[in-house]
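Note on naming: letters A, B, ... go to the chains in the order of the sequence lines (proteins, then strands), and numbering restarts at 1 for each one.
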Protein chains: 2
Amino acid sequence: MVRSEEVIDELKRIVKQKGLKYTEQREIVLNILLNANEHLTAEEVYNLIKEKNPESNIGIATVYRALGFLEDVNLITSITFGTDGKKYESNFKDHHDHLICTNCGKIVEFMDDEIEKRQDKIAKKNKFRVTSHSMQLYGICSECQKKQS
Amino acid sequence: MVRSEEVIDELKRIVKQKGLKYTEQREIVLNILLNANEHLTAEEVYNLIKEKNPESNIGIATVYRALGFLEDVNLITSITFGTDGKKYESNFKDHHDHLICTNCGKIVEFMDDEIEKRQDKIAKKNKFRVTSHSMQLYGICSECQKKQS
DNA sequence: TTCAATGCAAAGTGTTTGCAAGCTA
DNA sequence: TAGCTTGCAAACACTTTGCATTGAA
């Protein structure tokens with residue numbers, strides 16, 4: 001995990017290097033994700049901004065554009081699951097994979113060195129130079145199992 | 001892997017047991033997925049039907065309804081990854097994961113017992129009853145590496 | 001001063017629903 | 001025949017786009 005200010009500085013650097021403008025809106029969106037403990041949909045980000053930064057009067061289109069931009073420059077990542085649509089998270093969290101409850105949508109993060117090692121091995125065997133990966137295990141979480149039975 | 005006819009019989013059994021009607025449309029949709037080698041979106045299923053069963057004049061709404069029904073009765077599963085939306089696959093296929101070349105789009109399928117075992121272990125530790133998973137390794141395939149260098 | 005970025009609303013997507021007609025049991 | 005299913009089109013929800021305006025460099 002990295003300090004928020006460092007990531008914001010990184011955003012400033014990227015924007016400058018690309019000859020684009022630095023805007024408060026992109027910073028707000030990035031900040032929301034840096035401080036979020038869970039994966040957020042575009043709409044959730046939008047609602048959080050209205051709640052935490054009511055003065056900003058941001059539009060939903062801008063949120064979508066900011067999310068797209070931040071994903072392009074690799075500051076955030078998205079995963080998509082079930083009916084909740086695309087969910088975003090900051091890239092400044094330790095690497096992890098996801099366990100996803102297909103009933104309630106809960107996402108649990110995990111990390112397993114053994115799997116990471118095997119992935120490298122598989123990539124080598126297939127002569128791929130792997131740049132990233134994503135893994136999702138779908139199932140029913142313990143709470144939902146109780147409710148169902 | 002199971003023979004198509006057995007799965008179709010299973011569908012007939014389920015439909016009867018639920019007091020519903022057996023229709024050609026549901027059978028066609030199921031058959032498309034049984035014979036598909038990849039995960040298909042609703043629209044891809046629809047297009048395949050128009051190609052392989054042009055006489056059926058099926059509507060896209062029926063495809064969605066059939067997919068929903070087949071998923072409810074556990075003959076097929078859906079997962080969502082990337083930007084293509086919900087993708088379906090039959091529950092009667094051998095399992096595999098994907099290596100994806102981000103340059104040319106080539107997809108290589110693989111399967112690794114060690115990873116599968118670790119996944120089970122992780123699921124147990126988190127008290128999830130896992131029903132499916134998807135893993136993608138993104139990178140550059142050997143041909144594209146040659147072209148780039 | 002320039003032109004990227006924004007907010008708004010309209011236009012696109014993909015998916016679901018209402019309904020009259022069709023078809024299975 | 002009864003009522004589940006269908007095809008069609010309209011309705012929906014989510015996301016993107018066009019455009020005039022704003023604002024960062």
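- By the side chain to side chain donor-acceptor pair (under 3.5 Å) test, A:Tyr46 is found to be paired with A:Lys50, residues two or more places apart in sequence or in another chain being considered.
- By the side chain to side chain donor-acceptor pair (under 3.5 Å) test, A:Gln25 pairs with no residue at all, sequence neighbours left out.
- Minimum heavy-atom separation, B:Val63 to B:Val29: CA-CG2, 4.5 Å.
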Derivation and outcome, ring pair (Phe, Tyr, Trp, His ring centres under 6.0 Å), residues A:His95 and A:His133 = CA-CA 10 Å; A:His95 167 74; A:His133 73 262; 4.7 Å; yes

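- Checking the phosphate oxygens (OP1, OP2) of C:dC23, no side-chain nitrogen or oxygen of B:Gln25 falls inside 4.0 Å.
- Axis angle, first five pairs versus last five pairs of the helix from C:dT1-D:dA25 to C:dA25-D:dT1: 30°, rounded to 10°.
- In summary, the side chains of B:Ser134 and B:Gln136 do present a donor paired with an acceptor at a separation below 3.5 Å, with no hydrogens or angles considered.
- Listed candidates were C:dA4, D:dG7, C:dG7. Nearest to the side chain of B:Ile58 is D:dG7.
- Distance SG/B:Cys144 to NZ/A:Lys127: 14.5 Å, rounded to 0.5 Å.
- Rounded to a whole Å, the NZ atom of B:Lys86 is 17 Å from the P atom of D:dA13.
- One side chain, B:Tyr22 or B:Glu27, offers a donor N or O that lies under 3.5 Å from an acceptor on the other.
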Distances for protein N/O vs nucleotides 11-14 of chain C N/O pairs under 3.5 angstrom?
none

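- Scored by the side chain to side chain donor-acceptor pair (under 3.5 Å) test, A:Thr62 finds no partners at all (sequence neighbours excluded).
- Nearest to the side-chain atoms of B:Asn57 among the listed nucleotides C:dT15, C:dG7, D:dC8 stands D:dC8.
- Among the atoms of the strands shown, none is found under 4.0 Å from any heavy atom of A:Ile60.
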Determine, for nucleotides 18-25 of chain D in 5'-to-3' order, which nucleotides have protein heavy atoms under 4.0 Å from the base (write B), from only the sugar-phosphate (write S), or from neither (write -).
-> B----BBS

